[in-house]
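Here is how names work: the chains are called A, B, and so on, in the same order as the sequence lines, proteins then strands, and each is numbered from 1.
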Amino acid sequence: MKRVVVGMSGGVDSSVAALILTQQGYDVIGVFMKNWDEADADSGACTAVEDYDDVRRVCDQIGIPYYTVNFAKQYWDRVFAVFLREYRAGRTPNPDILCNKEIKFAAFLDFARKLEADHIATGHYARLDHSGSMPRLLRACDASKDQSYFLAAVPAAQFERVLFPVGELQKSDLREMAKAHGLATAQKKDSTGICFIGERKFKQFLMDFLPAQPGDMVTPDGNVVGHHDGLMYHTLGQRKGLGIGGGGTGEPWFVIGKDLEQNRLIVEQGESDRLYSTSLMAHNLNWFAGQPPADRFTCTAKFRYRQSDQGVDVEILSNGGCHVRFHQAQRAVTPGQWAVFYDGDTCLGGGVIESTEALCPLLP
RNA sequence: UGGGGUGUAGCCAAGCGGUAAGGCACGGGACUUUGACUCCCGCAUUCGUAGGUUCAAAUCCUGCCACCCCAG
């Protein structure tokens, strides 16, 4: 009997993933990862305990053994430290993409090997085609839940023994299945926020690790219109949290840039053309096929989770990066985030956004 | 000190005798395995202040206060 170790979060998706695997005749072991040690007992401190309780309940219900494992050290070193470094550098990282690469499909994979597992599985909404020499990552059948974006940094080899049991399901059917089997998590609300850390007041959370560095908020022509507590607490295209309003056109204000040298946050009132870009440069590329489809190719891309697919022309550069030209100007494409490429339902890979070319230069 | 103007929520701002629009900000929620965006809901028993007129005042009258502008 093939053995599968399932990463269980305490949510409904991984619960059903485990259920499906038992139905398919696998020898299933549930494993709950605890990767974040709560520093202080503020908001959401107990959710990890509740989540593990749910994992235990579900595993008892479907009759599989369960374990818990703590990757807090690895998470901190390989994910969170990078996350903080990126923020310090003025970028906006995506910790969950890194988490998948470094923890769920690396540290966890190694752990499963020690349990002599043939496969690992998670509750991700994505599909893997194992028919070829290399695994091919495909979008989930439920397009509205597709999470392939978050998997774009994982080297293809790390997917060789991975199963995504819920990738074929519609979310509504998955909920029904959980309900039909009376799973403890059937009605549980989907969790959001940074993986293993959870929903937080983001600025407050960051402040615990990146102390305030107050500076001015200025318009593109240099008028000081307010003050900020630190550039790292804001990201491109952001509206909330600026605290400025009134006067002018009456429209809301948005972050359109960061001036690291002078520690100034550049803001503008209304939907600025300056928020739009026509191309980007990316590095740290990961291609599931082992290499890009060609030196130049056309495909679709996403620059953030749940964005609709955008047509782009990709040009591979000699330095290992790539230049991505957008068919249509894109709003608030942000350095540190990931550009992920698709050919139809196939996820080709992705890379970290290094810089963008503005539709309208910020400085004349 | 004369003359004029303005004072409505944190900020803009409608209102012009009939019982406080709207926007921004902010708060809450929805959406969402990053950060964002977006959407929905909430947000002045009260109109600088003290009186007066009136059935009824943010709206009219008077005093006072504050700020702005022009004179000087």
Side-chain angles (χ1 to χ4, degrees), chain A residues 7-14 17 33 35-36 44 47 51 75 79-80 82-84 86-87 89-104 122-126 140 142 144-153 164 166 171 188-206 210 217 225-227 230-256 258 267-272 275-276 302-308 330-340 350 352-353:
Chain A
M8 297 183 71
S9 65
V12 65
D13 297 332
S14 54
M33 280 179 260
N35 299 341
W36 185 253
T47 57
D51 288 339
Y75 186 82
V79 178
F80 206 69
V82 176
F83 170 83
L84 295 179
E86 286 291 287
Y87 268 115
R91 292 184 285 267
T92 305
N94 186 322
D96 290 358
I97 286 186
L98 203 54
C99 175
N100 283 324
K101 177 187 178 186
E102 301 290 346
I103 306 296
K104 291 180 183 166
T122 66
H124 281 99
Y125 282 87
D142 187 337
S144 69
K145 293 299 298 182
D146 174 51
Q147 293 171 328
S148 58
Y149 178 84
F150 288 106
L151 300 168
F164 292 138
V166 307
K171 179 80 183 197
K188 192 171 174 181
K189 189 182 188 302
D190 290 348
S191 70
T192 58
I194 300 174
C195 239
F196 301 117
I197 297 177
E199 289 189 80
R200 303 302 182 93
K201 300 276 184 189
F202 203 74
K203 180 181 173 186
Q204 276 302 319
F205 174 70
L206 274 185
L210 302 171
M217 246 183 244
V225 292
H227 304 280
L231 297 180
M232 58 285 188
Y233 306 139
H234 299 90
T235 191
L236 295 191
Q238 186 167 4
R239 167 178 175 175
K240 290 289 180 181
L242 296 179
I244 51 178
T249 61
E251 294 172 287
W253 292 73
F254 296 94
V255 175
I256 64 170
K258 295 183 181 186
V267 298
E268 189 164 28
Q269 191 170 28
E271 265 301 317
S272 171
L275 258 181
Y276 287 77
K302 297 186 199 221
F303 313 109
R304 51 171 51 75
Y305 178 53
R306 286 178 64 80
Q307 177 185 25
S308 61
Q330 299 292 311
R331 182 185 186 277
V333 174
T334 307
Q337 292 283 296
W338 275 67
V340 176
V352 179
I353 299 166

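- Separating the C1' atom of rU62(B) from that of rA25(B) is a span of 38 Å, rounded to the nearest Å.
- Nucleic acid contact for Tyr305(A): base, since at least one base atom lies under 4.0 Å from a heavy atom of the residue.
- Classification of rC37(B) as syn follows from a glycosidic angle within 90° of 0.
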Please tabulate, one pair per line, each protein N/O and nucleotide N/O from nucleotides 25-28 of chain B that are separated by under 3.5 Å, including the distance.
from	atom 1	to	atom 2	distance (Å)
rA25(B)	OP1	Arg239(A)	NE	3.2
rA25(B)	OP2	Arg239(A)	NE	3.4
rA25(B)	OP2	Arg239(A)	NH2	2.8
rA25(B)	O3'	Gly243(A)	N	3.4
rC26(B)	OP1	Gly241(A)	N	2.9
rC26(B)	OP1	Gly243(A)	N	3.4
rG28(B)	OP1	Lys201(A)	NZ	3.2

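- rU6(B) and rU45(B) are spaced 26 Å apart, taking the C1' atom of each and rounding to whole Å.
- Taking the six-membered ring for Trp and thresholds of 30 and 60 degrees, Tyr305(A) and Phe150(A) have ring planes inclined between 30 and 60 degrees apart.
- Scanning atom types as modelled, one donor and one acceptor separated by under 3.5 angstrom connect the side chain of Thr334(A) and the base of rG35(B).
- For the pair Gly248(A) and Pro93(A), nearest-nucleotide mapping onto RNA chain B gives the more 5' position to Gly248(A).
- At least one donor-acceptor pair closer than 3.5 Å links the side chain of Gln269(A) to the backbone N or O of Glu251(A).
- Figure legend: Arg304(A) and Tyr149(A) shown without cation-pi pairing, the cationic atom not lying both under 6.0 angstrom from the six-membered ring centre and within 45 degrees of its axis.
- Note: Phe83(A) and Phe202(A) have perpendicular aromatic rings, judged against thresholds of 30 and 60 degrees for the angle between ring planes.
- rC37(B) and rA50(B) have their P atoms separated by 42 Å, with the value rounded to a whole Å.
- Remark: Gln147(A) CD to Asp96(A) CG distance equals 10.0 Å, nearest 0.5 Å.
- Residue-level contact check: Asn100(A) touches the bases, meaning some heavy atom is under 4.0 Å from a base atom.
- Remark: side-chain polar atoms of Arg306(A) are paired, donor with acceptor, to backbone N or O of Ser144(A) under 3.5 angstrom.
- Phe83(A) comes within contact range of no nucleotide atom at all, as no heavy-atom separation falls under 4.0 Å.
- Residue order along RNA chain B, read from the 5' end via each residue's closest nucleotide, puts Leu151(A) first among Leu151(A) and Tyr233(A).
- Here NZ of Lys203(A) is found 14.0 Å from NZ of Lys240(A). Values are rounded to the nearest 0.5 Å.
- One finds a side-chain N or O of Lys189(A) lying less than 4.0 angstrom from the OP1 or OP2 phosphate oxygen of rC31(B).
- The residue Gln269(A) sits apart from the nucleic acid: no heavy atom pair falls under 4.0 Å.
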